[in-house]
Amino acid sequence: MLAAEPDGVFLVSHYAESALFMQQLRQADPELKVAATDTLNDPKFIELAGGAAEGVVMPTPFLASAPAAQDFTAAYSAAFDKEPNYYSAFTWDAMLIVTSAMDALLEAGEPLTRQGIRDRIADAPPINGVSGALKYEGSGDLGPREINYIVVRDGGYVPFD
């Protein structure tokens with residue numbers, strides 16, 4: 001790969017495989033730029049890759065240090081003795097969507113049924129979750145989301161400038 005003299009590498013894999021790849025890459029070329037998918041936004045990647053993770057840039061819809069996530073990050077950190085990753089934030093937001101729909105049904109005096117919850121989710125206005133604005137678009141996915149970029153720096157994730 002390095003014989004082709006690339007400007008950089010884009011990783012599309014999970015953290016365990018990427019950690020090993022990064023260790024090998026940094027031995028061969030410590031300065032090569034590396035970007036990755038958001039699957040590397042997991043502290044386990046940094047733990048496994050060690051210093052080889054430094055400088056890897058990736059997108060993320062969740063920043064633990066973002067103003068909207070500060071309360072969640074503090075509560076999560078207190079409960080689990082570590083910062084939340086985006087999987088934790090997405091799980092929280094998924095439950096927020098479901099429980100908001102359930103609350104709306106109960107407030108309207110309607111029964112809690114699978115169809116009722118589904119319909120409330122489909123018709124709900126955007127909800128502010130810890131990973132941003134959440135709005136069901138009818139396709140099974142949430143609508144467009146703000147994407148931030150982070151970089152591994154000094155053994156942690158920080159916003160990428």
Side-chain angles (χ1 to χ4, degrees), residues 8-26 33-107 112 114 117-118 120-161:
V9 173
F10 184 71
L11 290 177
V12 182
S13 64
H14 290 282
Y15 63 79
E17 297 84 357
S18 292
L20 179 59
F21 176 84
M22 286 304 303
Q23 289 172 344
Q24 294 171 349
L25 177 67
R26 292 298 188 220
K33 294 177 184 172
V34 180
T37 63
D38 58 2
T39 57
L40 299 192
N41 181 7
D42 189 304
K44 200 73 170 164
F45 168 65
I46 297 172
E47 177 187 325
L48 294 172
E54 289 291 310
V56 176
V57 176
M58 67 205 73
T60 184
F62 173 71
L63 286 174
S65 61
Q70 287 179 351
D71 290 343
F72 172 75
T73 298
Y76 187 96
S77 297
F80 300 106
D81 198 32
K82 62 181 181 178
E83 268 201 355
N85 61 21
Y86 82 113
Y87 294 114
S88 306
F90 287 173
T91 301
W92 178 268
D93 284 349
M95 292 311 301
L96 178 63
I97 291 169
V98 172
T99 57
S100 295
M102 294 170 71
D103 288 345
L105 285 170
L106 292 173
E107 287 174 17
L112 285 177
R114 183 172 47 191
I117 294 169
R118 183 250 168 252
R120 286 291 175 153
I121 291 171
D123 295 336
I127 298 171
N128 290 320
V130 297
S131 66
L134 312 168
K135 174 65 178 139
Y136 176 72
E137 293 288 317
S139 64
D141 293 321
L142 296 173
R145 316 237 357 239
E146 181 178 338
I147 299 295
N148 300 287
Y149 289 89
I150 55 176
V151 62
V152 178
R153 192 172 295 135
D154 298 324
Y157 296 101
V158 297
F160 178 72
D161 301 333

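Below, all heavy atoms of this structure are taken into account, side chains as well, without hydrogens, waters or symmetry copies. Residues take their numbers from the sequence shown, with the count starting at 1.
- The ring pair (Phe, Tyr, Trp, His ring centres under 6.0 Å) check on Tyr86 picks up Phe90, with sequence neighbours excluded.
- With sequence neighbours left out, Lys33 forms a salt bridge (charged side-chain N to carboxylate O under 4.0 Å, His left out) with no residue at all.
- Side chains of Asp103 and Ser100: a donor-acceptor N/O pair is absent below 3.5 angstrom, by distance only.
- Residues meeting the side chain to side chain donor-acceptor pair (under 3.5 Å) test with Tyr136, sequence neighbours left out: none.
- Considering all non-hydrogen atoms of both residues, Leu48 and Tyr15 come closest at CD1-CD1, 3.8 Å.
- Dense packing is recorded around CD of Glu137, with more than 12 heavy atoms of other residues, nucleotides or ligands lying under 6.0 Å away.
- Applying the salt bridge (charged side-chain N to carboxylate O under 4.0 Å, His left out) criterion to Glu17, with sequence neighbours excluded, gives no partner residue.
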Under 3.5 Å, sequence neighbours excluded: what are the donor-acceptor pairs made by side chains of residues 120-132?
from	atom 1	to	atom 2	distance (Å)
Arg120	NH2	Glu110	OE2	3.0
Ser131	OG	Asp93	OD2	2.4
Ser131	OG	Arg145	NH2	2.4

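- A search for side chain to side chain donor-acceptor pair (under 3.5 Å) contacts involving Thr39 returns Thr37, not counting sequence neighbours.
- Contacts classified as salt bridge (charged side-chain N to carboxylate O under 4.0 Å, His left out) and involving residues 71-83 (residues at least two apart or in different chains) are not found.
- Phe21 places none of its side-chain heavy atoms less than 4.5 Å from the side chain of Ser13.
- Partners of Leu112 according to the side-chain contact (heavy atoms from CB on, under 4.5 Å) rule, which considers only residues two or more places apart in sequence or in another chain, are Met102, Leu105, Leu106.
- Taking Ala35 as the reference, Phe10 meet the side-chain contact (heavy atoms from CB on, under 4.5 Å) condition, with sequence neighbours excluded.
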Output a table of donor-acceptor pairs, distance under 3.5 Å, between side-chain atoms of residues 51-67 and any protein atom two or more places apart or on a different chain; print 'none' if there are none.
from	atom 1	to	atom 2	distance (Å)
Glu54	OE1	Asp154	N	2.8
Glu54	OE2	Asp154	N	3.1
Glu54	OE2	Gly155	N	2.7
Thr60	OG1	Asn41	ND2	2.8
Thr60	OG1	Phe62	N	3.1
Thr60	OG1	Phe62	O	2.9

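- For the pair Tyr76 and Ser88, the tightest heavy-atom approach, listed with the atom from each and the gap, is OH-OG, 3.0 Å.
- With contacts defined as side-chain heavy-atom distances shorter than 4.5 Å, the pair Ile46/Tyr157 qualifies.
- Note that CE of Met22 is 9.0 Å distant from CG of Leu40, once rounded to the nearest 0.5 Å.
- Qualifying side chain to side chain donor-acceptor pair (under 3.5 Å) partners for Thr99, counting only residues two or more places apart in sequence or in other chains: none.
- Atom OG1 of residue Thr91 and atom CE of residue Met95 lie 9.5 Å apart, to the nearest 0.5 angstrom.
- Scored by the side chain to side chain donor-acceptor pair (under 3.5 Å) test, Glu47 finds Lys44 as partners (sequence neighbours excluded).
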